[in-house]
Amino acid sequence: MTNTVPLKKNYEFSRVYKNGRFSASKHLVVYVLDNKLQTNRLGITVSKKLGKAVTRNRIRRLIRENYRLMEGMVKRGYDLVIVSRKVDVIPSFYDIKKEMNYLLRKLDMINTEVGNQ
RNA sequence: UGAGUAAGCCAGACAGCUGCAUGUACAGUGCCGAAAGGCCGUACAUGAGGAAAGUCCGGGCUCCAUAGGGCAGGGUGCCGGGUAACUCCCGGUGAAGGUGACUUUAAGGAAAGUGCAACAGAGAUAUACCGCCGGUUUUACCGGUAAGGGUGGAAAGGUGAGGUAAGAGCUCACCAGCGGCAUGGCGACUUGCCGGCUAUGUAAACCCCACCUGGAGCAACACCGCAAAGAGGGACAUUUUGGUGGCCCGCCAGUCCCGGGUAGGUGGCUUGAGCUUUGCAGAAAUGCAUAGCCUAGAUAGAUGGCUGUCAAAUACAGAACCCGGCUUACAGGCUUACUCAUAAA
RNA sequence: GGCCCAUUGGUCAAGCGGCCUAAGACUCCGCCCUCUCACGGCGGCAACAGGGGUUCGAAUCCCCUAUGGGUCA
């Protein structure tokens, strides 16, 4: 993830929740806010209500891997927060991929020239 | 073959592509920096568990006094051993359960004292309702009695015989309980003999006895930087205030509180009561010796993703200062020893 | 990560080991009152987080588990 650094502080998350645009699907919610930087900042939220440490680690890793694979297509200069919603079964890699692609396109975050290559 | 008991082991593997963290090496005269150094890149090595979990105990470590005294509080509770220590482990004793292999066991003291024992029942730590026996002023009283009935979790040892007006440890035998002596054992205790003739239960109720126990926790603590403070207001003057924690003493300091303000970094952070092999001691837990090994260390938090093969494999579950235990969760598979039943030889 | 606390009807809650078949209030249901509704009156349904242990007897005492919450930089 060469163009992305982690989003760390609680007040940074709060700013994105309060001021940013969002879009939701079955398993995910994505928040986006312009950060006026050269890089993107990514925060992943998996609530303790979703399960124990192994389950939460699994979801977080799937989200992170999918973001890594489509990072080249995402526009730069934004703060992103991806929240996992409560579900009964852990979603698969391809579910996450499909939903993330859909949500980022809906929020106009995909760089079309790179995406068409 | 079936049923079971005990002890122990494994916790998907391999291959390909592609990511992450740490360490080591190398290079670019790339970027930042005064420098030390840091960032970026490539290669290689290593990279979660038997419970990492719950936080129920015990320690190491750090700070508070070098952890001191007394009271209070808390914990443990058959005996011996092991250990750094333990509410742990091993072996044994007693008791309970099982045909058995074996399992379970908070198992000191009720004769130091206090409390409690609802309802039922005549009576609950002492008693006389029905009854039995004797007597009389004969249909109800008095006396004796605790065999029998009934109540209860528990009714002043149990069974049998003698004895008696009827009965009773009143007497005897056996059993149980208590005390003494002896035997075996380090000991819990066992076995035997003798004695007196009876002592409700509850201590996971207060308590007594013995032993242990200072408090807090890596968000401890140490250092650096920024900011703040050093301004202002208030308290105290050694019988006070704070460190100090449930209290008192003792010790230490000369200041302390309010107000204002608080988004950083480094160390602690992994070589340790460590792991593996062999030998010796021991019944075992464990100890000693020898040889070899280095085996996660993150800081929004690293082990991931996809594909293929194996009959199937997403069981429970993710290190956060580190160890020793306990408890709880758990798919499937394997090994060893033993018991019972049935059959065959 | 560490240290603490709590759990009783749908909700808020009281409860000396036996008087507990568990107080009370709100809610809900039925009846009465009223022309009707509300208020009021009468009656009813409904709970000790789960599992072991101690005890004659446990909501209460002890242990384990689950869930919820607080606090520390």
Side-chain angles (χ1 to χ4, degrees):
Chain A
M1 288 196 271
T2 54
N3 296 319
T4 304
V5 297
L7 194 69
K8 295 182 181 179
K9 298 298 177 184
N10 193 33
Y11 71 94
E12 296 175 331
F13 277 83
S14 300
R15 195 170 59 206
V16 176
Y17 289 144
K18 197 174 174 184
N19 301 323
R21 296 176 289 129
F22 74 96
S23 182
S25 67
K26 186 179 177 185
H27 295 119
L28 300 176
V29 183
V30 178
Y31 291 81
V32 174
L33 184 65
D34 194 345
N35 67 358
K36 297 183 174 59
L37 297 173
Q38 293 300 312
T39 59
N40 283 351
R41 293 190 295 183
L42 174 68
I44 302 174
T45 294
V46 184
S47 165
K48 216 168 184 176
K49 292 176 186 170
L50 266 72
K52 299 198 176 185
V54 172
T55 310
R56 285 182 276 131
N57 267 336
R58 170 82 181 165
I59 293 170
R60 182 171 54 79
R61 284 165 179 162
L62 287 171
I63 291 171
R64 195 217 296 277
E65 178 68 11
N66 270 296
Y67 178 83
R68 190 183 68 80
L69 291 172
M70 61 176 69
E71 188 194 13
M73 304 191 298
V74 176
K75 289 182 179 177
R76 294 192 193 173
Y78 292 92
D79 286 346
L80 292 93
V81 174
I82 302 178
V83 179
S84 178
R85 308 181 80 180
K86 183 165 183 176
V87 287
D88 293 333
V89 292
I90 299 175
S92 75
F93 177 76
Y94 294 106
D95 290 339
I96 299 283
K97 185 176 181 180
K98 204 171 145 189
E99 289 188 21
M100 196 181 288
N101 203 353
Y102 166 74
L103 291 173
L104 290 176
R105 284 184 190 279
K106 196 175 174 185
L107 291 165
D108 193 26
M109 288 297 293
I110 301 296
N111 197 329
T112 49
E113 301 127 34
V114 181
N116 290 335
Q117 281 174 1

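Just so it is clear: chains get the letters A, B, ... in the order the sequence lines come, proteins before strands, and each one is counted from 1.
- Side-chain contact between Tyr17(A) and Thr45(A) is present, with heavy atoms from C-beta onward closer than 4.5 Å.
- Each of Lys98(A), Met100(A), Glu99(A) was scored for a side chain to side chain contact (heavy atoms under 4.5 Å, CB included) with Ile96(A), with one residue passing: Met100(A).
- In this structure G23(B) sits in a base pair with C44(B), meeting the Watson-Crick or G-U test at under 3.5 Å.
- Spacing between A66(C) and C56(B) at atom P, rounded to whole Å, works out to 12 Å.
- Rounded to whole Å, the separation between the C1' atoms of U21(C) and U99(B) comes to 46 Å.
- The same ILVMFWY cluster, assembled from side-chain heavy atoms under 4.5 Å apart, contains both Tyr102(A) and Ile59(A).
- C207(B) is paired with G109(B) under the criterion used here, namely a Watson-Crick or G-U wobble arrangement in which both key atom distances are under 3.5 Å.
- Between the CG atom of Asp95(A) and the P atom of C306(B) there is a distance of 11 Å, given to the nearest Å.
- Atom pair Lys97(A):NZ and C306(B):C1' shows a separation of 9 Å (rounding to whole Å applied).
- Atom-to-atom, CG of Leu69(A) to C1' of C17(B) comes out at 12 Å; the value is rounded to the nearest Å.
- U262(B) shows a glycosidic angle more than 90° from 0 and is accordingly assigned anti.
- No side-chain heavy atom of Leu103(A) sits under 4.5 Å from any side-chain heavy atom of Ile82(A).
- An anti orientation is assigned to G157(B), its glycosidic angle lying beyond 90° of 0.
- No side-chain heavy atom of Asp95(A) sits under 4.5 Å from any side-chain heavy atom of Lys26(A).
- With both ends at atom P, the span from C252(B) to G217(B) equals 28 Å, rounded to whole Å.
- Whole-Å rounding puts the Leu80(A) CG to A300(B) C1' distance at 16 Å.
- With both pairing distances under 3.5 Å, U303(B) is matched to nothing as a Watson-Crick or G-U wobble pair.
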When you compare the protein's N or O atoms with those of nucleotides 314-320 of chain B, which come within less than 3.5 Å of each other, and at what distance?
from    : atom 1 : to       : atom 2 : distance (Å)
G318(B) : OP2    : Ala53(A) : N      : 3.3
G318(B) : OP2    : Val54(A) : N      : 3.3
G318(B) : N7     : Asn57(A) : ND2    : 3.3
G318(B) : O6     : Arg61(A) : NH1    : 3.0

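- Taking the O4'-C1'-N9-C4 or O4'-C1'-N1-C2 dihedral as appropriate, U295(B) has a value within 90° of 0 and is therefore syn.
- Of the residues listed (Met109(A), Met73(A), Lys75(A)), the one engaging Leu104(A) in a side chain to side chain contact (heavy atoms under 4.5 Å, CB included) is Met109(A), and it is the only one.
- Searching all strands for a Watson-Crick or G-U wobble partner of U67(C) with both distances below 3.5 Å returns A6(C).
- Atom CZ of Arg56(A) and atom P of G301(B) are 14 Å apart (whole Å).
- Judged by distance alone, the side chain of Asn101(A) and the main-chain N or O of Lys97(A) form no donor-acceptor pair under 3.5 Å.
- In this structure, the side chain of Arg21(A) engages the main chain of Leu107(A) through a donor-acceptor pair within 3.5 Å.
- Contact check, Arg64(A) against G301(B): a side-chain N or O comes under 4.0 Å of OP1 or OP2.
- Using N1 to N3 plus N6-O4 or O6-N4 for Watson-Crick, or N1-O2 and O6-N3 for G-U wobble, each under 3.5 Å, C39(B) pairs with G30(B).
- Between A117(B) and A155(B), the two C1' atoms lie 14 Å apart (nearest whole Å).
- Glycosidic conformation, A48(B): syn, with the torsion inside 90° of 0.
- Phosphate proximity of A302(B) to Arg60(A): present, with a side-chain N or O under 4.0 Å from OP1 or OP2.
- Rounded to whole angstrom, the span from the CZ atom of Arg41(A) across to the P atom of A300(B) amounts to 14 Å.
- Note on Leu62(A): only backbone sugar-phosphate atoms sit closer than 4.0 angstrom, heavy atoms only; bases stay farther off.
- Taking atom P in both U151(B) and A120(B), the straight-line distance is 14 Å, to the nearest Å.
- Taking the P atoms as reference points, G234(B) lies 24 Å from U240(B), given to the whole Å.
- A219(B) makes up no base pair with any nucleotide shown, lacking Watson-Crick or G-U wobble contacts both under 3.5 Å.
- Under 4.0 angstrom from either OP1 or OP2 of G19(B) there lies no side-chain N or O belonging to Tyr67(A).
- Taking atom P on both C236(B) and U241(B), the two are 10 Å apart, rounded to the nearest angstrom.
- Nucleotide C17(B) holds its C1' atom 11 Å from the CZ atom of Arg68(A), rounded to whole Å.
- With both pairing distances under 3.5 Å, G30(C) is matched to C42(C) as a Watson-Crick or G-U wobble pair.
- Comparing the C1' positions of C211(B) and C221(B) gives a spacing of 34 Å, expressed to the nearest Å.
- Pair assignment for A253(B) gives U241(B), based on Watson-Crick or G-U wobble hydrogen-bonding distances that are each under 3.5 Å.
- Heavy-atom minimum distance, Phe22(A) versus Val29(A): CD1-CG1, 4.3 Å.
- Note: CD1 (Ile59(A)) to C1' (G304(B)) measures 14 Å, nearest angstrom.
- The ring-ring contact (aromatic ring centres under 6.0 Å, His included) check on Tyr78(A) picks up nothing, with sequence neighbours excluded.
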